[in-house]
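Below: one structure, written as structure tokens.
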Amino acid sequence: MQEIQQSLKQKFIQQLRCDYPQQTTKTNPQKLELLVEQSYLNAQELEIFDEENIYRFISLQFLPKELLESPFIQSVLIRVLNNFNLSATKRLDFIEQQITARVTPIEK
């Protein structure tokens, strides 16, 4: 089981490097590994278990800094992600539709 999780985390790192080349080239490999590890654990705590949804959750870390640091956006993210009455897919769909889609195209 742990080997599968480790393999999945490596897959996420490779995918992040493809999807967010500018942000990930600025990040040293250990820091990116730690980010994925911590985000993976956070996803589990938030009852996000599906591989695609875990990746979507990890990708939130690559939203523009000013958006991530906004108290309002942080509050919305916390409330939505902790709403266990909705499935993980619905929670992440809402975040993508209401937050990430409204951001000018993110530098990928």
Side-chain angles (χ1 to χ4, degrees):
M1 181 69 165
Q2 202 166 22
E3 290 176 14
I4 295 170
Q5 288 178 348
Q6 198 56 37
S7 173
L8 188 57
K9 291 172 192 173
Q10 289 303 313
K11 181 180 174 182
F12 291 151
I13 289 170
Q14 291 173 355
Q15 190 63 46
L16 288 168
R17 289 193 186 284
C18 289
D19 292 345
Y20 304 95
Q22 290 183 335
Q23 293 96 320
T24 56
T25 55
K26 297 174 188 175
T27 306
N28 76 43
Q30 293 81 11
K31 189 173 180 182
L32 186 58
E33 221 171 284
L34 187 61
L35 179 136
V36 168
E37 177 69 33
Q38 190 59 55
S39 297
Y40 184 88
L41 293 172
N42 290 343
Q44 303 297 297
E45 290 176 17
L46 291 166
E47 299 180 9
I48 301 171
F49 303 112
D50 175 76
E51 181 179 329
E52 180 183 345
N53 285 333
I54 293 170
Y55 181 76
R56 292 167 68 194
F57 175 75
I58 293 170
S59 296
L60 294 175
Q61 298 295 317
F62 295 92
L63 286 171
K65 187 177 179 180
E66 60 275 2
L67 195 65
L68 286 174
E69 292 177 352
S70 161
F72 175 74
I73 297 299
Q74 286 179 5
S75 175
V76 170
L77 290 172
I78 289 167
R79 287 176 186 217
V80 172
L81 289 169
N82 284 294
N83 182 353
F84 297 121
N85 293 323
L86 298 174
S87 69
T89 300
K90 286 185 179 182
R91 288 180 277 156
L92 290 163
D93 285 349
F94 178 85
I95 290 168
E96 286 179 352
Q97 293 164 0
Q98 301 301 319
I99 297 174
T100 60
R102 295 172 184 251
V103 177
T104 52
I106 300 171
E107 293 180 9
K108 285 191 174 183

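Small disclaimer: the values here were computed from a predicted structure and weren't measured. Worth knowing before you read on, the calculation uses all heavy atoms, side chains too, and leaves out hydrogens, waters and symmetry mates. FYI, the numbering just counts along the sequence from 1.
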According to side chain to side chain contact (heavy atoms under 4.5 Å, CB included), who are the partners of [X], at least two apart in sequence or on a separate chain?
{"X": "E66", "result": "P64"}
{"X": "L68", "result": "L63"}
{"X": "Q15", "result": "C18, D19, Y55"}
{"X": "F49", "result": "Q44, E47"}

- Query: Is any side-chain heavy atom of L81 closer than 4.5 Å to a side-chain heavy atom of L92?
  - Reply: yes
- V76 side chain near Q98 side chain, heavy-atom distance below 4.5 Å: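 They are not in contact (no side-chain heavy atoms under 4.5 Å apart), so the answer is no.
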First locate atom [atom1] of [X], then atom [atom2] of [Y], and finally report the distance between them rounded to the nearest 0.5 Å.
{"X": "Y40", "Y": "I58", "atom1": "OH", "atom2": "CD1", "answer": "9.0 Å"}
{"X": "R56", "Y": "D50", "atom1": "CZ", "atom2": "CG", "answer": "9.0 Å"}
{"X": "E37", "Y": "Q5", "atom1": "CD", "atom2": "CD", "answer": "8.5 Å"}

- Query: Above 12 or not: heavy atoms from other molecules or residues under 6.0 Å from CZ of F72?
  - Reply: no
- Qualifying side chain to side chain donor-acceptor pair (under 3.5 Å) pairs, either residue in residues 81-91, two or more places apart: N53-T89
- Task: Would you please name every residue forming a side-chain hydrogen bond (donor to acceptor under 3.5 Å, both in side chains) with Q38, sequence neighbours left out?
- Result: N42
